[in-house]
Structures are given as structure tokens and as C-alpha cells.
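I have placed the structure first, in the form of C-alpha cells, so that the comments after it can refer back to it.
Chain identifiers are assigned alphabetically (A, B, ...) following the order of the sequence lines, protein sequences preceding nucleic acid strands; residue numbering begins at 1 within each chain. Small disclaimer: the values here were computed from a predicted structure and weren't measured.
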Number of protein chains: 2
Amino acid sequence: MATIKEVAKLAGVSVATVSRVLNDSGYVGAESRKKVEQAIEELEFYPNEVARSLFQKKSKLIGLLLPDIANPFFPLLAKGAEDAVNQLGYSLILGNVQDDVEKEEEYLKIFEQNNIAGVLSAVQGSSKRLKNIPLVNLDRVESFEQYAVHTNDYQGGMLAAQAMADRDPKQVVIMVGPKEVPGSFERLAGSIQIFKERDIAYHLFQTTSFRLEDTDETVELFFKEHPNADSVVASNDVYALAIMREAVKRGINIPDELQIIGYDDMPFSRLTYPGLSTIAQPAYEIGYKGAQLLCNCIENKPVKTKRIQLPVELVLRESLREKVEHE
Amino acid sequence: MATIKEVAKLAGVSVATVSRVLNDSGYVGAESRKKVEQAIEELEFYPNEVARSLFQKKSKLIGLLLPDIANPFFPLLAKGAEDAVNQLGYSLILGNVQDDVEKEEEYLKIFEQNNIAGVLSAVQGSSKRLKNIPLVNLDRVESFEQYAVHTNDYQGGMLAAQAMADRDPKQVVIMVGPKEVPGSFERLAGSIQIFKERDIAYHLFQTTSFRLEDTDETVELFFKEHPNADSVVASNDVYALAIMREAVKRGINIPDELQIIGYDDMPFSRLTYPGLSTIAQPAYEIGYKGAQLLCNCIENKPVKTKRIQLPVELVLRESLREKVEHE
DNA sequence: TTGAAAGCGATACCAG
DNA sequence: CTGGTATCGCTTTCAA
């Protein structure tokens, strides 16, 4: 890899001049510019970002903190972030935290050691360590966080409950997401409001994780506790699918005997039959907009909205019964 | 963030000494060491990796090139890579290539600009640009590539066909993966060998991508071309699930009227009912072992096996009929 | 309009 | 054992 020195030599100018054309900053004569450009071409030179980063105390790298990349919600978010970041000249360092606070700390440290320009975080509490590094929180957002892209969980909870309430539910069970996950509570509150309004009774079923590995156990427990459930508002698509599978296996007809609605709209939720009705979260867009927001912060561009809220949307597939019109 | 200079000052020694205790290289007196350690603690100092990288011309970053992170096979692979890499003191820069050659080139350049220590690549042809940077190919491996972790596609193709052949197939259709994807051919060859041996007729159905977005179209085409298929050897789980969904939707009983086997064993393949029988590829392990191999290359440690082949495994779920014992 | 030179934060050689 | 110093590749004053 050629260096700026070699370019300077070949072009017969100083490194300062080369640097100037590279960043087109300051004055540089037409003559010199041309010679430098030729030299750059000839040597296939491209600047070393490490040296730049050392000087600037700021790299072109952005840290991406994910709770669990195996959870299919996050790859999509990552893809969105990646697309945006790339268009803006940055790259992502991946931090897969596995819901482990120590790993998070570790990553934040690594990020700092690498002069990271900013952090995109879909895990809670990253704001503690970071001092002067821009941070945008994604998806799981606490109310005190300054920059964030998230969805309206309350509305999501309402939408799910509404869809259910419209379909003549007998025995409603609401699955409640882990307490640590911001948004779980909001969703629940939204759902409860609807059921209260409609005067529909419901049971709660608390889940303690969103991890794929824990589904079997959770589903078993679910059917033990609620053998007569006929309408389930699930905390996410993974659990919804898992419950559907178990139901079909037991010969319970979906949606006639058991109707269910998920949350997230993962790519797979439409690959089953009956297809899973669900509340679609724009995972890709969360990542994309979050990355844009972060880059604006990094570059001190004016930011209109510090907290972006994206809409969620009801997606109807076959796991819900026909809507019953009440007079 | 404190620097080595400040540590040196506080400890009353030179930066050289601080550097020595940091890397414990060379001699350093007990007295000095202690003072330095105290200073480090007091200032909460940790070395700037960028400066290190500039000097060493080699960072602690590893590039990970993925064809499409939204394809659920790859997050698992990434997770494996991430786990291994992290244990060994490295971090990952994510490169999501979207099956686009230009983006790949672009990433390879960015990697170089960042003094990347090595590259893990699940896309084809990365070896061209890289000069002196260690490269380990993952999963989609060409025969000429030096370092690689992959599975035995031929065996996989055989296993799938065998499972099918054992189950009294009437109208067999083999879905053939994209020609550009190394392994597609091998799998096909493996399957064909079995069907030939058993004297079972089969049809071929060519697919042109592995992308999630293209399933609907492909499935439609599939049913148009092969309305009477009763046994499908699918090129991956996504297509298998998509075909299953369409079949169930059409009232075709799985597995009695249509049996099907997938390839990959994605996390979701067990969340449907009937569950998808499939050939399990150890995605996590491919990433994990690949990362270990790469780190060994990077650190010039002796490498026993340059090309690691991991076994695939038949996973039986409900999408295949009962095995028929022939006398 | 240009170049010389001083850093950015760490490492490693060489002399003492 | 320890410290001074050149160096990594680039950016940015400051003078000329």
C-alpha cells in the first residue's frame, strides 16, 4: 500500500500538498493538483484510515451493539444500519452482547480504544460509560435517552389487543415481555387499556427472555398454565410461532380453537401456514434512520428530531379469526 | 482518555517503561512495575488501539464479509465468528455484501485502510484483492481457496436424497441452488448419485438465488412446473418452508401427499408444524472454527488443517413420511 | 500557493 | 533495568 509520502515524491510536491488535495482543504494550484492526482492514480493510493484516525482522534467506525444477533429481529436492523452508514462513508464494528452487561462494558471499551465515531445501541444502559461519544439508542429505548429511534409500543399493544378484541375472544392470555426490556410495559399497558374498554377478561403470562433457546420451556409452561386459552397476544413472533406449532401438534385448530397474534413481523412469520398475524416493526428502518441520525450527530449537522418514533402496523394473516362486526 | 505519557509522568518513569509493562516485554524492575500499575489503575488507562495499529501496521480488527445478513444462516455464522474472535482479543468489522461484487471490493478496500488483521469471508472471490492479509473462506468455498471452513456438500446432497429415497417417493423434484454458489453442484451430484443407485426418477428445478425476497415468485413457478411433485429435495430451508406453506394453503397434506426436506436447519425450521426435516449445517461452528483458524494464521501459529470440513447431519421432523423398510 | 515541521499515542531499538 | 528517540501515515499550523 502506497503512502502519502510516495505520492508526494512521485508528484514532486510535499506531503502537505498531497494532503490538501486529498481533503480538498486550503489552496492548491491547478498544476500541483493535477500532478498529485496522476500520482495517486498511478500508485493506486488510498489513505490509511488508521493514521487519519490517530490524528483526528476520531475514526470512520461506528459501533453497533446488539442484544442477540441470532434473534431475527436484529439482523434486519443491522442491515438497515449498515446500508445507511455505508452510504455516509462509515463502517460498523459489531458488538453482540448476548444480554450480558459485562460484554457490553467490554465492547464499549473496545470501541473507545478504536476511536469510534459513534455508537448505535439496541441494548439498554450503554449511555453510562460513553462520555463524549455520540450515541443513538435503537428499538429498546428508555425514556431518558437523548437520541433514539423507536416505535410506539403503547400503540403496538393497543393494535394487537384491538385486533384480538374484534375477533370474539373467549379466553384471552397476554404474554408479557421481560421486565428489563423497555417497551414490554408499554405494550402491556396498551393492550390492557383496550381489553378494559371492551370489558374483556384476560390473563397474563410473564416471559423472562426473548431468546430463541428458551422457547421450548416457555411454551410448555404456557400450555400448562393456560390449557384453555383461545386467544393469545404474544410478546413476539418467535413465541407466537412456537405456541402455534405446539397447538397444531396437539391438534388444536388455528385460528378456530386458538387464535394468536405476534409482534415484530419477522421475515419468517409469513412462511408458515397459517401465516402469523402480527404487529410489524420496521426493523430495517429503525437501523437505517438510527444510523442517519447518528451520522448527523457525529458531523455536528443540525438534527431536527432527536427521538424518532416510527409507526407500527397490524399485519393480518391466517392466525386470527374473521373479524366480528358488532352492531 | 488517559495516554501512556500521563501514566509515565504519574509513575515517574519513561513511556518506554510503561510500554514494557503494558506488553510485558523486556525487563522492568519490580519497583517500576508497581508504580506503573498503580498509575494505570489510578488513571483508568487503557491503550489506544489506533496508535498501536499504526505502528504495527496491523490492527485487532477482523473483517467479516457476508453475502446477506438477512438470510438467517449468516447471523448464526456471525455469532460463532464473533464469539471466537472476541475470546482471542479481536473485533469484527461487518461487511454485508448483498451479493454485489462492487460492494465487496469496496469493503476489502475499507478493510485494508483500517489495517485489518485478517478477513473471514462467506462470499466468493475475496481472495483476488487481498495481498498479504490472511483470509479464511467460510461455507461457500471454492476448491482453490487455501484456508477454509466448509461442509461436505456432496454428503449433504446424499443424505437428503437418501432420506427421501427411503420414504417411497413417487414424483421427485430436486431444487438446484444458484450456479454461482459453490456447493450447489456438489449437493446435486450427491443427490443424483443416490437416486441413480436406487433407480428413482427425478426432475430438476433450478433456482437463481437464495434471497428471501425471491421466494414467492419461485414457489409459484415451482408449483406451475411441478404440480404433481410428491417429494421435494429443497435447496435450502427458506424455499422448503415457502413450498410447505403454499402446499398447506392448497390443502395438500404434508407429508402424506407432499413430503419435503430442506437444507441448513435454520433456527425457524423447527418452529413450524409440521416441522421441517432438513440437513443441518453447523453455521455457528463454521463461524467459530473459521475465526479460530484465522487468528492462528494471523498470529503465525502452526495450523494443522488449512481446510476444515465439518459434518452435516440429517434432522428428521414431520415433513417426511415414515421410513419404508425394503426387504 | 507551497513546504517544513510538529504532533496524534503507542512501540522498539539502542545506548547507558 | 531504564530512558531517549525514531517511527508508523496523515493532518494542520506557521512561515515563507
Review point. So does Lys103(B) pair up with Glu82(A), basic N to acidic O under 4.0 Å?
Key: yes

Taking 4.0 Å as the cut-off, does a side-chain nitrogen or oxygen of [X] come that near to OP1 or OP2 on [N]?
{"X": "Ser19(B)", "N": "dA10(C)", "result": "no"}
{"X": "Thr17(B)", "N": "dG3(D)", "result": "yes"}
{"X": "Thr3(A)", "N": "dG9(D)", "result": "no"}
{"X": "Arg52(A)", "N": "dC10(D)", "result": "no"}

Can you tell which of [options] lies closest to the side chain of [X]?
{"X": "Leu54(B)", "options": "dT11(D), dC8(D), dG4(D)", "answer": "dC8(D)"}
{"X": "Ile4(B)", "options": "dT11(C), dT11(D), dC8(D)", "answer": "dT11(C)"}
{"X": "Phe45(A)", "options": "dC10(D), dA10(C), dT2(C)", "answer": "dC10(D)"}
{"X": "Val28(A)", "options": "dT2(C), dG9(C), dC10(D)", "answer": "dT2(C)"}
{"X": "Gln56(A)", "options": "dG9(C), dT11(D), dA4(C)", "answer": "dT11(D)"}

**Study point:** Given DNA chain C, 5'-ward residue of the pair Ala51(B) and Ala16(B), judged by closest heavy atom
**Key:** Ala51(B)

Study note, to complete from the structure: Closest heavy-atom pair, Ser59(A) versus Ala117(A), reported as atoms and distance to 0.1 Å, is O-CB, 3.3 Å

Whole angstrom value for the distance that separates [atom2] of [N] from [atom1] of [X]:
{"X": "Tyr46(A)", "N": "dC10(D)", "atom1": "OH", "atom2": "P", "result": "11 Å"}
{"X": "Glu112(B)", "N": "dG9(D)", "atom1": "CD", "atom2": "C1'", "result": "15 Å"}
{"X": "Tyr27(B)", "N": "dC14(C)", "atom1": "OH", "atom2": "P", "result": "16 Å"}
{"X": "Asn23(A)", "N": "dT11(D)", "atom1": "CG", "atom2": "P", "result": "5 Å"}
{"X": "Lys57(B)", "N": "dA12(C)", "atom1": "NZ", "atom2": "P", "result": "13 Å"}
{"X": "Ile40(B)", "N": "dG9(C)", "atom1": "CD1", "atom2": "P", "result": "16 Å"}
{"X": "Arg20(B)", "N": "dT5(D)", "atom1": "CZ", "atom2": "P", "result": "15 Å"}
{"X": "Met1(A)", "N": "dC8(D)", "atom1": "CE", "atom2": "P", "result": "14 Å"}

Point to revise | Phe144(A), CZ: over 12 other non-hydrogen atoms inside 6.0 angstrom | key: yes

Check your understanding: Looking for any heavy atom pair under 4.0 Å, which part of the strands does Ser32(B) touch: base, sugar-phosphate only, or nothing?
Key -> sugar-phosphate

**Study point:** Sugar-phosphate only, base, or nothing, as touched by Val13(B) at under 4.0 Å among non-hydrogen atoms
**Key:** sugar-phosphate

Point to revise | Closest-nucleotide ordering on DNA chain D, the 5'-leading residue of Ser25(A) and Gly12(B) | key: Gly12(B)

Review point. Do Leu293(B) and Val303(B) come close enough that some side-chain heavy atom pair is under 4.5 Å?
Key: yes

Practice item. Answer whether the closest heavy-atom distance between the side chains of Val119(B) and Leu64(B) falls below 4.5 Å. Key: no

Review point. Parallel under 30°, tilted from 30 to 60°, perpendicular over 60°: which one fits the rings of Tyr288(A) and Tyr284(A)?
Key: parallel

